[in-house]
Amino acid sequence: MRRRLIALLQTRARNVFATRKDSDVFLAPGLADPAEAMRSPKSESFREDASMERIYCRGALTELLKYGPRDLHAAAKTSNSPSVLILIIPGNPGVVGFYKTFMWTLYQAFNRQYPVWSVGHAGHCAPPDSMDMVKDASVMEEDVFGLNGQIEHKLAFLSEHVPRDTHLVLVGHSIGCYITLQIMKRNPELKVIKSVLLFPVIERMACSPQGQVMTPVLCRLRYAVYLPVFLLSLLPEKLKAGLVQLALRNVYSLDTTMIPATVSLINVDCIGNAMYMGSQEMRLVLERDNSTIRQHLNKLIFYYGAIDHWCPVQYYCDMRRDFPEGDIRLCERGLRHAFVLDAGEEMANMTTEWIRDDLRGLKQ
């Protein structure tokens, strides 16, 4: 009933805002038509090899983005070389579309030899007409949308969709780094050859400058966001794209793949699940898990931002002090925490160099 009501309201809204002339009022001077930005030549190249899938994992709707083989179990039967998967664990919101440029660049850098996949967070994508957010009501009892539920969600995905003998390169971003460490801790039998932790949110989250701002919003005020998001969700896709482009107009070299990815997030259930997960992050991401880091230190690369308000430079200094032998780096390129906005290709090129020797070693 709820979905039928929303569909009806969306139809009414489209009738009101249907004309091109009306949609143009949302474009700032100098901005390209958002529909054209979403169909840029660069975006077209991504579609050649990318596979976007929606599945149920632990009973919750999950979005996958895949470059390379779609089925690793089938691929393993036809290959004699060691099976490898580069798996991206996103930040929050966990929308896989944010990582298209990053993933495509990684895939191309290794001559399309290794599959590059990303698994979105449970419930961070809008369900198509043929699916619901959860497979059945019992899923909600397991708190799959909470932080611990998202960790178990990734472990379940690996168990169901990745052969046990696959060599893994895990690439975590933001809270995805915390999830990556937990994956390695909870399933030590995984064949992880390297984990790259980009702008790692792994400790004292609520104490960070950004955390101090967002904690009250996520923990006490998030319900106030739902009505505006619902109203925005009623707009036609082109109007939503125009608003997103307007909001991101100050990003100088904006990756145009950000526009459709952000538009897909304008959904009450998606935003609600992302903010609920964020509220738990503020309460649960406290002390750094030094035991897990020490156990896997030779497999870990930490890359901290020099202008990152989620994990400030002091966190980098503390890591260097506590783990002087670790591979812990500080960005010297001025990249932002949300590097996917304008530096996905640059970040992927660096990641390629960091993991190249480990992948080459598998063949020897």
Side-chain angles (χ1 to χ4, degrees), residues 38-55 62-76 78-91 94-120 125 154 157-158 161-163 166-174 176-177 180 191-199 253 255-261 264 301 303 335 338-363:
M38 293 169 74
R39 293 194 298 269
S40 68
K42 190 175 183 182
S43 299
E44 289 294 336
S45 69
F46 293 132
R47 295 196 188 99
E48 294 177 5
D49 294 282
S51 169
M52 189 78 80
E53 302 175 12
R54 287 186 177 90
I55 63 170
T62 304
E63 193 169 50
L64 310 176
L65 179 61
K66 299 178 180 180
Y67 287 98
R70 276 56 164 171
D71 186 338
L72 292 185
H73 289 283
T78 60
S79 175
N80 295 323
S81 59
S83 56
V84 175
L85 172 64
I86 302 174
L87 182 66
I88 282 72
I89 310 295
V95 177
V96 295
F98 288 145
Y99 297 87
K100 272 190 171 182
T101 298
F102 179 76
M103 294 172 62
W104 169 255
T105 307
L106 275 176
Y107 185 53
Q108 291 285 84
F110 291 106
N111 299 316
R112 309 189 185 194
Q113 184 177 359
Y114 306 118
V116 181
W117 289 8
S118 181
V119 52
C125 59
K154 306 305 176 291
F157 173 79
L158 286 166
H161 298 275
V162 180
T166 301
H167 295 85
L168 294 170
V169 175
L170 302 177
V171 182
H173 174 221
S174 190
C177 301
T180 298
K191 293 187 176 182
V192 178
I193 58 175
K194 188 67 73 176
S195 285
V196 181
L197 307 180
L198 305 175
F199 304 91
S253 300
D255 185 335
T256 57
T257 63
M258 295 300 102
I259 297 172
S264 73
I301 297 175
Y303 189 75
L335 302 188
F339 70 88
V340 294
L341 288 175
D342 55 3
E345 183 175 350
E346 184 178 359
M347 193 74 254
N349 287 330
M350 286 191 284
T351 302
T352 298
E353 294 308 310
W354 298 339
I355 65 177
R356 188 182 298 279
D357 289 343
D358 295 279
L359 292 174
R360 187 182 292 127
L362 292 176
K363 299 179 181 179

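We're numbering straight along the sequence, starting at 1.
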Is there a donor-acceptor pair under 3.5 Å between the side chain of D71 and the backbone N or O of H73?
-> yes

Measure the shortest side-chain to side-chain distance between V116 and L85 over non-hydrogen atoms and say whether it is less than 4.5 angstrom.
-> no

Just how far is it from atom CG of D342 to atom OG1 of T101, taken to the nearest 0.5 Å?
-> 10.5 Å

Got R54 and T62 here, is their nearest side-chain heavy-atom distance under 4.5 Å?
-> no

From OG (S195) to CD1 (I301), nearest 0.5 Å | 9.0 Å

Compare all side-chain heavy atoms of K66 with those of P115 and state whether any distance is below 4.5 angstrom.
-> no

Measure the OG1-CE distance between T105 and M350 for me, rounded to the nearest 0.5 Å.
-> 11.5 Å

Between F157 and L87, is a side chain to side chain contact (heavy atoms under 4.5 Å, CB included) present by the stated rule, with each step listed?
-> CA-CA 11 Å; F157 173 79; L87 182 66; 4.2 Å; yes

Compute the centroid of each ring, for W117 and then for Y67, and state whether the two points are separated by less than 6.0 Å.
-> no

Please confirm whether the backbone N or O of V162 pairs with a side-chain atom of T166, one donor and one acceptor, at under 3.5 Å?
-> no

Hey, is the main chain of G68 close enough, under 3.5 Å, to the side chain of R70 for a donor-acceptor pair?
-> yes

May I ask you to test the E345-W104 pair for a side-chain heavy-atom distance under 4.5 Å?
-> no

Report yes if the distance between the aromatic ring centroids of F339 and F102 is under 6.0 Å, otherwise no.
-> yes

Rounded to the nearest 0.5 Å, how far apart are OG1 of T257 and OH of Y99?
-> 11.5 Å

Going through the distances and angles, do F110 and L359 end up as a side chain to side chain contact (heavy atoms under 4.5 Å, CB included)?
-> CA-CA 10 Å; F110 291 106; L359 292 174; 3.6 Å; yes

Can you list the residues that meet the side-chain contact (heavy atoms from CB on, under 4.5 Å) rule with V96, with sequence neighbours excluded?
-> M52, E63, L65, S118

Can you tell if the side chain of I55 reaches within under 4.5 Å of the side chain of L64, non-hydrogen atoms only?
-> yes

Run the ring-centre check on F98 versus H173 and record whether the distance is less than 6.0 Å.
-> no

Min side-chain heavy-atom separation W354-K194 under 4.5 Å | no

Check P163 against A76 and note the closest heavy-atom contact, atom names and distance.
-> CG-CB, 4.5 Å

For residues L168 and I193, determine if any side-chain heavy atom of one lies less than 4.5 Å from a side-chain heavy atom of the other.
-> no

Can you see which heavy atom on G120 is nearest to which on P90, and at what distance?
-> CA-CG, 4.2 Å

L106 and M347: side chain to side chain contact (heavy atoms under 4.5 Å, CB included), yes or no, with the steps?
-> CA-CA 9 Å; L106 275 176; M347 193 74 254; over 6 Å; no

Assess whether side chain to side chain contact (heavy atoms under 4.5 Å, CB included) is satisfied between H161 and L72, documenting all intermediate values.
-> CA-CA 7 Å; H161 298 275; L72 292 185; over 6 Å; no

Decide yes or no for L170 and I88: does some side-chain heavy atom of the first lie under 4.5 Å from some side-chain heavy atom of the second?
-> no

Interatomic spacing from CD1 in I89 to CG in L198 - rounded to 0.5 Å | 12.0 Å

Quick one: pull up CG in D358 and NE2 in H167 and give me the separation to the nearest 0.5 Å.
-> 11.0 Å

